[in-house]
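Presented below is the structure to which this report refers.
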Protein chains: 2
Amino acid sequence: MQKTILIIEDDTEINDMLRILLQQNGYQTVSAFSGTEGILVHSREISLILLDLMLPGRSGEDIIRDLKAKHNVPVIVTSAIHDVSKKVDLFALGADDYVTKPFHNEELLARIAARLRTDAAAQTGETLTYKDIVLNKSDFSAECCGKSIELSKHEFALLELLMKNPDRTCTKSLIYDTVWDCENSADDNTLNVHISKLRKKLKECNPDEEYIETVWGIGYRLKK
Amino acid sequence: MQKTILIIEDDTEINDMLRILLQQNGYQTVSAFSGTEGILVHSREISLILLDLMLPGRSGEDIIRDLKAKHNVPVIVTSAIHDVSKKVDLFALGADDYVTKPFHNEELLARIAARLRTDAAAQTGETLTYKDIVLNKSDFSAECCGKSIELSKHEFALLELLMKNPDRTCTKSLIYDTVWDCENSADDNTLNVHISKLRKKLKECNPDEEYIETVWGIGYRLKK
DNA sequence: TCAAGTCTTAAAAAAGTCTTAACCGGGATT
DNA sequence: AATCCCGGTTAAGACTTTTTTAAGACTTGA
């Protein structure tokens with residue numbers, strides 16, 4: 001689900017910059033340019049507020065107090081003020097983070113993500129995707145073409161290994177090592193069988209696509 | 001209730017300084033001086049972790065990954081490194097805040113308080129709901145379809161854990177860790193039995209609904 | 001083209017995991 | 001002391017996964 005961030009910032013340029021930055025990174029945004037506007041916005045649909053301190057109309061402190069009194073939306077304050085006692089005051093009022101200007105975009109994004117990280121799977125890269133397959137490591141589920149597919153533990157580990165290494169061939173010994181946690185006797189057919197089952201399940205889901213490629217005498221890899 | 005903060009910091013002087021600072025400000029503390037020690041501490045009673053990056057033994061990154069994989073305890077990283085990409089990496093791994101050394105004590109305290117506040121807010125959400133089940137953490141009562149159900153301590157903790165993580169599979173080891181506070185012996189059937197009892201009670205209340213799903217070889221999760 | 005080696009797949013066999021009921025013991029309650 | 005409740009253990013049976021087997025197909029290289 002897309003998260004919406006409310007930007008409260010009177011400087012048009014910075015507001016624009018932030019809006020574009022956030023939108024490029026998959027957030028929806030709502031812009032406000034003064035404190036009074038800001039407080040009007042119904043924070044029910046807002047996941048996070050980015051609040052500039054230097055506002056005409058109302059002080060940032062006032063706004064924080066109000067926001068926090070009514071709703072529990074996370075607030076990240078941005079400000080050019082380095083003064084420690086100012087920061088401390090704002091934290092005491094309920095600010096959740098404080099980023100001093102000028103800031104690096106990446107750091108701001110990271111701090112935003114850290115605050116929003118409730119739905120861990122979506123944000124922290126706990127999902128792997130390849131073509132139309134989505135692996136979700138947090139709940140051991142897998143999807144293909146939107147349909148969910150049931151994978152056993154080994155099948156999941158096998159597909160995960162392949163998807164973690166989309167550009168290389170996974171040798172049989174690497175696979176045994178990773179999935180089975182041991183070297184394997186030479187004439188073991190186990191891996192072949194598991195690959196076969198995995199292919200079958202994927203094919204049931206999407207008959208038109210070939211996902212796993214055999215590398216003769218070596219191992220397997222994902223098809224480009 | 002007094003909160004306990006785990007300080008992971010190899011420099012004895014800084015560790016001492018932090019310990020005294022935190023104790024003076026009403027926190028209990030536990031000190032660890034290396035990564036390996038740090039990870040041993042049972043984070044059940046720990047409200048927050050202050051993690052220094054430069055540790056002998058294990059890298060801070062490793063520790064964060066481990067901690068966040070198992071428990072959802074907030075982690076504030078302290079480090080002399082100003083590098084933005086480093087910060088970004090750590091946030092991505094699950095760090096909740098990042099304070100560069102040297103820092104002002106007041107700011108550190110403010111950030112700790114901010115973290116604990118949001119955590120407390122999330123916890124004192126008091127009730128958890130899932131489908132027609134309502135768990136009331138303040139008095140350990142549970143309801144299903146309006147009817148109240150009697151749960152034992154472990155059953156409650158079990159259901160609470162599942163309901164806190166509605167989108168992920170709780171692995172058996174996570175469950176033993178959280179509900180029983182220990183790693184389990186390999187061939188222990190205890191969890192299975194408790195799940196069975198819990199299902200039975202829920203079924204008595206609402207025969208038409210399946211709540212808990214088995215993830216073969218992994219653990220359990222709530223049905224979507 | 002042929003032979004040797006490798007891979008695929010279905011199906012049978014084996015191993016492992018889960019569910020449930022029943023039982024047992026200890027601590028709390030009566 | 002008798003009873004109840006909780007937590008844990010055991011055990012049987014059901015169910016799922018994994019491995020083995022085996023037959024046939026494919027690839028490779030001489």
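Heavy-atom basis, side chains included; hydrogens, waters and symmetry copies ignored. In what follows, every chain begins at residue 1, and chains take the letters A, B, ... in the order their sequences are listed.
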Value in whole Å for how far the P atom of D:dT10 lies from CG of B:D188: 9 Å
What integer distance in Å separates B:E155:CD from D:dC5:P? 13 Å
In whole Å, I'd like the distance from the CG atom of B:L191 to the P atom of C:dT20. 13 Å
A:E150 atom CD, neighbour heavy-atom count above 12 within 6.0 Å: no
With under 30° as parallel and over 60° as perpendicular, where do the rings of B:H194 and B:W180 fit, or are they tilted in between? perpendicular
Ion pair B:D188/B:K172, N-O distance below 4.0 Å: no
Crowding at CZ, B:F140 (>12 non-hydrogen neighbours, <6.0 Å): no
Measure from CD on B:E204 to P on C:dT20 and round the result to the nearest Å. 12 Å
Rounded to whole Å, CD1 of B:I149 lies from P of D:dC6 at a distance of 13 Å
Pick the closest DNA chain D nucleotide for A:H154 and for B:K201 by heavy atoms, then say which residue is nearer the 5' end. B:K201
Scoring nucleotides 25-30 of chain C by protein non-hydrogen atoms under 4.0 Å (B base, S sugar-phosphate only, - none) yields ------
Is the closest basic N to carboxylate O distance between A:K200 and A:E204 below 4.0 Å? no
Can a salt bridge be assigned to the pair B:D89 and B:K86 using a cut-off of 4.0 Å between side-chain N and carboxylate O? no
Do the charged groups of A:K197 and A:E155 touch, with an N to O distance under 4.0 Å? no
From CG of A:L198 over to P of D:dT18, roughly how many Å is that when rounded to an integer? 12 Å
Starting at NZ of A:K153 and ending at C1' of D:dT18, how long is that distance when rounded to a whole Å? 11 Å
Under 4.0 Å between a side-chain N/O of B:W180 and OP1 or OP2 of D:dG7, yes or no? no
When you compare the protein's N or O atoms with those of nucleotides 4-9 of chain C, which come within less than 3.5 Å of each other, and at what distance?
residue: C:dC7; atom: OP1; partner: A:G217; partner atom: N; Å: 2.8
residue: C:dC7; atom: OP2; partner: A:K172; partner atom: NZ; Å: 3.3
residue: C:dT8; atom: OP1; partner: A:R199; partner atom: NH1; Å: 2.7
residue: C:dT8; atom: OP1; partner: A:R199; partner atom: NH2; Å: 3.4
residue: C:dT8; atom: OP1; partner: A:T214; partner atom: OG1; Å: 2.5
residue: C:dT8; atom: OP2; partner: A:Y220; partner atom: OH; Å: 2.7
residue: C:dT9; atom: O4; partner: A:N189; partner atom: ND2; Å: 2.8

Does this structure show an ion pair linking A:K224 with A:D167, if we count only N-O contacts that are shorter than 4.0 Å? yes
Charged N to carboxylate O below 4.0 Å: is that the case for A:D97 and B:R111? yes
